[in-house]
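In what follows, chains carry the letters A, B, and so on, assigned in the order in which the sequence lines appear, proteins first and then strands, with residues in each chain numbered from 1.
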Amino acid sequence: MPFPNVRLANRPLHFIYICDCSGSMEAQGKIQALNQAIRQSLPGMAEVARQNPEARVLVRAVGFADRAAWHLEQPTEVQQLQWLDLQAGGITAMGEALELVAAALQSPPMEERALPPVLVLISDGQPTDDFDAGLAALMRQPWAQKAVRLAIAMGHDADTEVLQQFIGNDPGGGLPAGEIPGASGQRPLHRSGRSPRRPLQASNATSLAQYIQWASTAVVGAASMPASRMAGSGPQANIPLPDLPPTLMDPTDDVGPLVW
Amino acid sequence: MVSGWRPALQARRIGAAHERKGRPCQDAVAVAQCRSRDGRAVQVMAVADGHGGEHYPLSDVGSALACEQALLAVEEHLSATDLEGSLAPDLQAWSHWLGTGLPERIHGQWLARVGEHWRQQATAPEAASPEAISPEAEVPRLYGTTLGLVVMTPRWWGYTGLGDWDLVRMDSNGPAALLSEEEASVGSGEATGSLCLEQAARIFRSGLQLIEAPGASFGLMLSTDGIRKSCATDADFLVLAAHLIATPTAGASEALAANLEQITNEGSGDDVSVTMALHEGLHIPGEEPAALARPPQAWSGLALMPALLGALLLTSAGIGAGWYWLQQRTLVLQRNPAPQPAAAVRRQIRQLCDGPPAAIAGTLSSRRSQFTDLRQGRLSPASLLAAAELDPLGALIAGSFDPATGGMVQGKALTALGLCPLLVTALQRQWPPTSNTIPDPPAR
C-alpha cells in the first residue's frame with residue numbers, strides 16, 4: 001500500500017532580528033559589537049538547526065534608523081547565511097520596523113504549519129516615530145501574538161519600557177514561562193530581575209554576545225520542538241523559554257564596569 | 001441489531017525528535033468495544049497527547065490515564081443505559097451527555113487517578129525529597145494532556161474531548177473532511193486545552209451525528225496533532241487521512257506502523273497516534289430501512305451539515321447502498337449513478353496502485369498516443385471501454401477521459417473510478433487542463 005502523494009514537511013521556524021541602526025549605535029562600538037555577536041552566533045545556530053531537523057530555521061533581519069528596511073529580506077536557511085554588516089546612522093524608526101515585520105508575518109506568506117516565530121528586538125535608544133502604531137500593527141497579526149518576542153537593551157539609554165511593551169507583560173515578575181506565580185511555593189528558576197520575559201540588559205560586547213548566542217541557540221532549540229502546554233495559564237511565553245545564560249556583566253550581579 | 005461498525009484500528013509511534021532526545025512517547029491511544037444495557041455493541045476510540053516539557057513531567061502517564069478513564073466512563077454509562085426502546089434516552093439527551101455529563105465524569109475520574117498515581121509515586125523509595133513534591137493543587141498540571149474520544153453506536157456516533165486532536169470523516173462519495181479541531185480561541189501557538197485545567201470539563205467540544213441509514217458508508221479517523229502538523233497543508237492532511245482510513249484490516253499493524261514512522265520522520269518529529277473505524281451497511285433485522293433514513297437533527301452545528309448532506313444523498317439514491325473499498329484503498333461511490341469500472345479495469349488499477357509508484361507515470365506515458373487520439377477525437381472512448389478485457393489500461397484511460405471538456409473526468413465520475421492518489425496525479429499529468437485562452441501563433 002504505497003504512501004500517498006502528500007507533502008510531509010518539517011516546520012519552518014522564522015527567526016527575525018530587528019536591529020537598531022541609529023546614529024547612537026555608532027558610539028562605543030555598539031554596531032560593531034552587534035554585527036560581531038550575530039556573526040559569531042551563526043555556527044551555533046546552524047548546529048542547533050542540524051540537531052533539530054524537524055524545524056527549518058530561516059533567518060531574516062530588519063534594520064531601522066531614519067527608515068526601516070529589510071537588511072536580510074529573504075528567509076534564509078541559517079546554514080546558508082552570510083551576515084553582512086549593519087551600518088549605523090540616523091534616528092530610530094522602531095515603529096516602522098515593527099510594521100515591516102507585521103507585513104512579513106501575515107498568512108500568507110507565513111506558512112500554515114510554521115512554528116511560532118522568534119522575534120529579537122535590539123535597541124540602544126528610544127523610538128523616534130510612532131512606536132505604538134507599529135506595535136499595534138504587529139500585534140494584530142496572529143503569528144506575532146504566537147511569537148517568542150525577546151528584546152535586548154544595549155546600554156542604559158535604551159527605552160526598556162517600549163522593549164517591555166514589545167515583549168508583553170511579565171506578570172510573573174521573573175517567574176519562568178509556564179510557572180504559575182505563587183502556585184508552587186518553590187523558588188523561581190530565574191532570579192528576581194532576570195527573566196527572558198523582560199528586556200535583557202546588555203552592558204557591553206560580551207553580555208550582548210551571550211544574549212545573542214542564547215537567543216540563537218537555546219531559544220531556537222526550544223522553539224524548534226516546542227512542547228505543547230495548557231491553554232489559559234496566563235500571558236506567558238508561547239514556548240517555555242530556557243534559562244538565561246549567566247552573564248559576566250549582569251547588572252543584577254552589580255559587578256564590573258558598565259561599558260555602555 | 002448489528003452495529004455496522006468494524007472494530008476500530010489503532011496505532012501510535014514515538015516522535016522522531018522524542019526518540020532522538022531520549023524522551024518517552026507522550027501520546028496514548030486506546031480502543032474498546034462495550035455493550036449497552038440492552039446489549040447493543042458500541043465501539044469507543046480515544047487518543048490523548050501529553051504536553052511534554054519540563055512543566056508536565058508525567059504527561060505520558062496523564063495521557064494513558066485519560067484514555068483509560070474515557071473508555072471506562074463510556075462503558076460504565078452504557079452498561080446502565082439502553083440504546084433502543086422506550087427506556088433509551090433520546091438523541092438530545094445523548095448529545096447533552098457527550099457535551100456535559102461525560103466530560104465531567106472523565107475529568108473527575110482522571111483527577112482521582114492522577115492523585116492516586118502521584119501519591120503512589122511520592123511514597124515510592126525512589127521518590128523525590130519531600131520539599132520537591134508539588135502541592136496537591138498543582139499535581140494535575142504535572143500530568144497535563146489532551147483527550148479526544150469517539151463513541152460509535154448502531155444508530156449514532158458522537159465525539160467529545162479537549163485539546164488539539166483532529167477528527168476526520170471520509171464518506172464514500174467525497175473527499176475527507178475535517179469535522180473537529182480545536183478553536184483558535186482555546187489553543188494559541190503551541191497552547192492547547194488540557195485535562196489539567198480546573199475548568200477542563202467546560203471546554204470540551206462535542207458533537208453527535210445520527211447514522212443516516214444502516215448502509216451508510218463512511219470512516220472516521222481520530223488523531224493527535226502530530227499527524228496534522230506533519231503535513232504541509234490541510235489538503236495534504238486530508239489526503240493522508242483518507243489513506244490511513246483505508247488501511248486494510250489484514251496487516252493493519254504493520255502498515256500503520258510504517259506509515260506513522262514515515263510521517264514523524266519526514267514531518268513534525270512529534271509523537272503521532274491514530275485510531276479509526278469504518279461503518280458499513282449491515283442488515284438490521286425487523287426494521288424498515290426507511291425509518292432510519294429520516295432527516296437527521298442537528299445536535300451540534302458542526303454535526304448538522306454532513307448528516308443532512310448524507311440524508312439527502314440517501315433519499316435521492318435509495319437505501320441499501322453498499323460499501324466499496326477498492327482494494328481497501330479508496331472509498332468509491334456505490335449508491336450513485338456513476339458507473340464502476342469493469343473488473344479488468346479494477347484489476348489494472350490495483351496493479352498500478354500496488355506496484356512501485358515510479359512505474360505509474362511510465363506505464364501511462366507508454367500510452368501517450370491513446371491520450372492524444374482520445375483528445376483529438378481520432379479514438380472513441382466507447383471502443384476502448386468495450387475492449388476492457390483485452391486492453392484494461394486503454395479502458396482505464398478512456399474511463400478517465402471527459403469528452404465534454406477534452407480533459408480528465410472530475411467529481412463523482414473521478415471518484416467512481418476508485419483510483420489511488422498517485423494514479424490520480426499521474427493521470428492528471430497526462431490530461432493537462434484545457435485552456436480557454438487563444439494560444440500565441442507559432443513563431444515564423
Side-chain angles (χ1 to χ4, degrees), chain A residues 1-12 51-56 108 111-117 142-149 175-180 182-187 189 221-243, chain B residues 15-17 21 49 51-56 132 134-135 137-138 141 144 146 163-164 184 186-194 196-197 199 203 225 229-234 236-237 239-240 242-243 246-248 255 259 262-263 266-270 328-329 353-354 356-357 420-422 425:
Chain A
M1 188 172 176
F3 201 79
N5 185 21
V6 298
R7 287 170 297 162
L8 296 175
N10 54 11
R11 300 172 69 189
Q51 291 167 1
N52 294 276
E54 294 78 21
R56 194 166 68 257
E111 305 85 346
E112 279 179 44
R113 296 286 183 271
L115 288 159
W143 277 114
Q145 295 163 21
K146 295 174 187 173
V148 178
R149 299 185 303 277
L175 286 173
E179 183 168 327
I180 302 165
S184 70
Q186 290 180 280
R187 187 174 59 86
L189 296 176
S224 295
M225 191 59 215
S228 59
R229 65 179 179 90
M230 61 180 180
S233 55
Q236 290 145 349
N238 287 319
I239 61 161
L241 289 171
D243 285 349
Chain B
K21 293 174 180 173
D49 181 0
H51 300 332
E54 63 178 4
H55 296 292
Y56 314 94
S134 300
E138 203 182 345
R141 174 174 60 77
T146 67
D164 51 5
V186 178
S188 168
E190 303 300 313
T192 182
S194 172
C196 68
L197 292 167
Q199 74 280 18
I203 59 172
D225 66 330
K229 285 178 177 168
S230 293
C231 297
T233 65
D234 279 351
D236 290 295
F237 171 63
V239 171
L240 181 56
H243 170 77
T247 301
N259 283 331
Q262 184 168 353
I263 290 166
E266 296 179 19
S268 68
D270 197 2
Q328 304 274 357
R329 183 175 301 276
C353 289
D354 285 349
C420 59
L422 281 175
T425 305

Problem set entry | Partners meeting side chain to side chain donor-acceptor pair (under 3.5 Å) with A:E112 (sequence neighbours left out) | none

For this session: For the pair A:R11 and B:D270, find out whether any cationic side-chain nitrogen is under 4.0 Å from an anionic carboxylate oxygen.
Result: no

Problem set entry | Side chain to side chain, A:F3 and B:L422, heavy atoms closer than 4.5 Å | no

Seminar exercise, completed: Most heavy-atom pairs under 4.5 Å with chain A, out of B:T146, B:I263, B:D234, belong to B:D234

Problem set entry | Best-contacting candidate, B:G15, B:A17, B:A16, B:G144, against chain A by heavy atom pairs under 4.5 angstrom | B:A17

Exercise. Which residues satisfy the side chain to side chain contact (heavy atoms under 4.5 Å, CB included) test with B:D236, sequence neighbours excluded?
Worked result: A:V6, A:R7, B:C231, B:A232, B:T233

For this session: Considering non-hydrogen atoms only, spot the tightest contact between B:C353 and A:P2 and give its length.
Result: O-CG, 2.8 Å

Exercise. Side chain, backbone, both or neither: which part of B:S268 has a non-hydrogen atom closer than 4.5 Å to chain A?
Worked result: both

For this session: Measure A:P53 against the heavy atoms of chain B and call it side chain, backbone, both or neither at under 4.5 Å.
Result: both

Problem set entry | Rounded distance [0.5 Å steps], CD in A:Q51 versus NZ in B:K21 | 8.0 Å

Problem set entry | Distance (rounded to the nearest 0.5 Å) between B:K229 NZ and A:L8 CG | 15.5 Å

Exercise. Could you give the distance from CG (A:N5) to OG1 (B:T425), rounded to the nearest 0.5 Å?
Worked result: 4.5 Å

Exercise. What heavy-atom pair brings B:G269 and A:E54 nearest, and what distance separates the two atoms?
Worked result: CA-CG, 3.1 Å

